[in-house]
Amino acid sequence: MLKSLHISNYALIDVIDINFSSGFNVITGETGAGKSIILGALSLILGGRADTKVLRNTSKKAIVEAIFDISKYYNIKHILGENELDDEGDELSLRREITLQGRSRAFVNDTPVTLDVLKEIALQLVDIHSQHQNLLLASSDYQLKIIDALADNKDRLAEYTVRYNAYRKAMKQYVVLRKQIEQSKTNQEFMRFQLQQLEDADLYPGMLEELEHQRDLLANATEIKSGLGQIISRLSESQTAILPQLKDITAIVSDLGDVVDDSQDVLNRLNNVKIELQDIAETYVNFDRNLNADPALLENTENQLAELYDLLRRHGANTVERLIEIANDFKKQLTEVDNADDLLKELQHKIVKAKNEAMQIAKQISEARKEHALKFASLLREKAMPLGMNNLNVEIEVSSSELSSTGIDTIEFLFAFNKNQTPLPIRNSASGGEISRIMLSVKAIVADKMQLPSIIFDEVDTGVSGEIAHRMGTMMQQIAQNIQVITITHLPQVAAKGVSHYKVFKKDSETETNTCITQLTPEQRIDEIALMLSGSEVNQAARNNAVSLLNNN
């Protein structure tokens with residue numbers, strides 16, 4: 001429920017703080033006192049449009065903050081979790097700020113959020129109903145929600161949503177695959193040609209680097225062979241080569257073995273050096289022997305590289321590995337084309353299965369809707385007829401439709417308010433006052449079913465009086481037994497039924513006019529209802545009538 005509301009620097013409001021109670025709260029005040037201003041401020045919490053025109057003092061920001069008790073509403077905590085917002089226990093704070101520059105900021109439990117998140121949460125907490133919103137009753141979506149709430153379709157609809165989404169996903173996969181296959185069929189000959197080119201290139205990882213290295217060797221073969229020859233000559237083939245000289249040195253060291261200390265150790269080290277140098281020499285001899293300076297081989301390597309560079313360019317690739325991936329993609333697409341019929345049949349089977357599963361739940365939902373549509377029509381007549389609509393006739397049409405996100409039904413509420421009148425949609429058959437009374441009756445039936453913590457009625461009793469006003473007040477009082485109700489009213493019969501009574505009034509200073517609100521004491525409440533009854537001054541007769549009204553409620 002709505003526990004408190006803080007508004008500052010908004011239109012005619014400097015600062016007001018209101019604490020609401022559970023049950024039935026009534027707000028009264030003269031026309032123009034500022035009741036609609038308070039409601040307008042509260043609508044900002046529901047995601048309403050912000051405007052710098054509402055800034056009372058243009059040198060500071062406007063703030064609207066509402067505190068809710070959410071201890072019994074676990075769905076709110078679920079939404080908080082989904083949006084990674086802190087759950088601060090049983091209270092929830094929603095705040096909207098309008099800056100001097102006209103920018104709007106929204107907060108949930110002091111955490112900045114987008115306006116969409118604020119709205120998603122707020123619409124689960126409070127429902128503001130006024131005469132301006134009466135056409136909501138003409139909305140087929142709203143009508144469907146009413147019947148689903150009465151039919152307790154919540155769990156069935158959750159299961160249906162899962163199955164319907166699976167059906168839609170399968171349909172999308174089918175459409176995408178069919179489009180891909182059609183495109184592949186159109187391009188398959190070109191794809192086969194491209195694949196053949198890639199396969200003819202005998203691609204393998206590291207091929208580009210290997211060919212480039214081979215080309216560099218062949219292109220510089222003469223210079224490389226010259227260098228190799230010099231290395232081999234100086235190691236083993238010339239008269240002054242290292243290895244023959246090393247052999248002579250080894251013989252000398254061996255001869256000195258008897259007279260020079262550590263000669264054997266030196267001899268071993270020289271043998272190791274000789275073995276290492278022989279190995280180096282053989283390595284370069286083999287390299288020289290295998291290095292082919294044949295111009296034809298160089299030309300062949302350069303041709304291979306040219307073809308590879310061309311493939312890379314045409315396919316927009318940077319590496320041979322990417323060309324291999326592209327070749328595999330061509331193979332996959334061509335396989336899909338070759339197996340197109342089987343793949344599409346498989347998806348068609350998946351679609352039929354998913355649709356049947358969704359349809360199974362949709363039929364259960366539809367049966368529950370049809371059953372409770374009849375009950376709702378009867379309940380609505382029962383609730384609304386005492387409100388001055390003795391000839392009311394209500395018909396709820398549940399028609400079959402194509403499978404959609406809400407099931408297989410379309411629903412339309414039809415009303416006739418006079419005898420021998422054909423029931424018609426409410427926008428074509430009812431006055432504003434009649435729609436208000438119908439809407440109040442609807443709220444009385446479904447308020448606790450739709451799990452709204454708070455309902456605010458904004459002068460929905462306009463245009464009625466006497467016994468009908470009393471009955472409308474009683475109906476709001478009954479709704480308030482299950483959920484919090486806040487009613488803005490001009491009718492004493494309604495105001496007398498409230499548990500808590502607030503008065504909105506204007507207060508003038510030397511320089512400005514302020515909208516204020518106060519919770520009335522029992523004595524003040526008698527005077528306020530007496531004033532509402534008399535319309536001018538409060539006399540004893542009006543006070544007696546006010547006391548009588550209060551005592552009878």
Side-chain angles (χ1 to χ4, degrees), residues 176-177 179-246 271-340:
V176 170
L177 179 60
K179 185 176 180 180
Q180 287 176 344
I181 288 171
E182 288 173 354
Q183 290 176 343
S184 296
K185 282 182 176 179
T186 303
N187 301 325
Q188 64 176 311
E189 290 306 319
F190 184 54
M191 268 196 293
R192 291 187 195 280
F193 169 74
Q194 289 179 303
L195 178 59
Q196 189 62 52
Q197 283 187 319
L198 291 169
E199 289 179 338
D200 288 345
D202 292 327
L203 303 171
Y204 55 86
M207 180 179 181
L208 178 62
E209 293 77 11
E210 184 179 312
L211 284 174
E212 287 177 335
H213 178 64
Q214 184 176 331
R215 177 201 56 195
D216 293 341
L217 284 175
L218 292 170
N220 298 285
T222 302
E223 293 82 356
I224 293 171
K225 274 185 169 293
S226 174
L228 291 173
Q230 292 181 51
I231 293 171
I232 294 167
S233 175
R234 292 179 185 185
L235 280 173
S236 62
E237 294 180 352
S238 69
Q239 291 181 351
T240 59
I242 295 173
L243 282 170
Q245 292 187 52
L246 191 59
N271 284 329
N272 288 335
V273 170
K274 183 176 70 172
I275 292 169
E276 186 67 26
L277 287 172
Q278 284 175 339
D279 185 63
I280 292 171
E282 289 174 5
T283 298
Y284 281 108
V285 168
N286 290 331
F287 193 83
D288 181 62
R289 186 183 302 120
N290 293 324
L291 181 57
N292 192 342
D294 185 0
L297 183 58
L298 174 59
E299 183 180 359
N300 182 60
T301 302
E302 289 180 334
N303 288 339
Q304 281 186 277
L305 275 172
E307 291 177 5
L308 195 53
Y309 290 146
D310 186 53
L311 285 174
L312 290 167
R313 179 185 57 77
R314 282 193 279 119
H315 292 283
N318 294 321
T319 64
V320 171
E321 288 75 14
R322 176 58 188 145
L323 287 179
I324 293 171
E325 290 178 4
I326 292 170
N328 290 333
D329 287 342
F330 284 151
K331 289 177 184 177
K332 181 182 177 183
Q333 291 181 55
L334 289 168
T335 299
E336 287 179 352
V337 171
D338 294 337
N339 300 320

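In this structure, the side chain to side chain donor-acceptor pair (under 3.5 Å) partners of D310, at least two apart in sequence or on a different chain, are R313, R314. For K331, the side chain to side chain contact (heavy atoms under 4.5 Å, CB included) partners at least two apart in sequence or on another chain are L195, E199, N328. Considering only residues two or more places apart in sequence or on other chains, L177 meets the side chain to side chain contact (heavy atoms under 4.5 Å, CB included) condition with Q180, I181, E336, L343, L344, L347. R234 pairs by the side chain to side chain donor-acceptor pair (under 3.5 Å) definition with nothing, not counting sequence neighbours. Partners of E321 by side chain to side chain donor-acceptor pair (under 3.5 Å), not counting sequence neighbours: none found. Under the salt bridge (Lys or Arg N to Asp or Glu O under 4.0 Å) criterion, E325 pairs with R322, not counting sequence neighbours.
In this structure, Y309 places its OH atom where more than 12 heavy-atom neighbours from other residues, nucleotides or ligands lie under 6.0 Å away. Atom CZ of F190 sits in a sparse spot, with 12 or fewer heavy atoms from other residues, nucleotides or ligands closer than 6.0 Å.
Note that CD of Q278 is 11.5 Å distant from OG1 of T283, once rounded to the nearest 0.5 Å. To the nearest 0.5 angstrom, L208 atom CG is 6.5 Å from L305 atom CG. Atom CG of L323 sits about 9.5 Å away from atom CE of M207, to the nearest 0.5 Å. Taking OG1 of T335 as the start and CZ of F330 as the end, the distance is 13.0 Å to the nearest 0.5 Å. Atom CD1 of residue I275 and atom CD1 of residue I280 lie 12.5 Å apart, to the nearest 0.5 angstrom.
H315 is listed as a side-chain neighbour of L198, based on a closest heavy-atom distance under 4.5 Å.
Of the candidates L277, N272, N271, N271 is the only one forming a side chain to side chain contact (heavy atoms under 4.5 Å, CB included) with K274.
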- request: Report the C-alpha separation of Y204 and E210 in whole Å, then their side-chain angles, then the decisive distance to 0.1 Å, and conclude whether the side chain to side chain contact (heavy atoms under 4.5 Å, CB included) test is met.
  value: CA-CA 10 Å; Y204 55 86; E210 184 179 312; 3.1 Å; yes
- request: Run the numbers on L308 and L203 for side chain to side chain contact (heavy atoms under 4.5 Å, CB included), then give the verdict.
  value: CA-CA 9 Å; L308 195 53; L203 303 171; 3.7 Å; yes
message: Checking H213 against E209 for the side chain to side chain contact (heavy atoms under 4.5 Å, CB included) test, could you report, in this order, the C-alpha distance in whole Å, the side-chain angles of both residues, the deciding distance, and whether it holds?
response: CA-CA 6 Å; H213 178 64; E209 293 77 11; over 6 Å; no
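Minimum heavy-atom separation, L311 to A201: CD1-CB, 3.8 Å. Counting all heavy atoms, side chain and backbone alike, V320 lies closest to L312 at N-CD2, 4.2 Å.
In summary, the side chains of D200 and Q196 do present a donor paired with an acceptor at a separation below 3.5 Å, with no hydrogens or angles considered.
A side-chain donor-acceptor contact under 3.5 Å links N286 to the backbone of E282.
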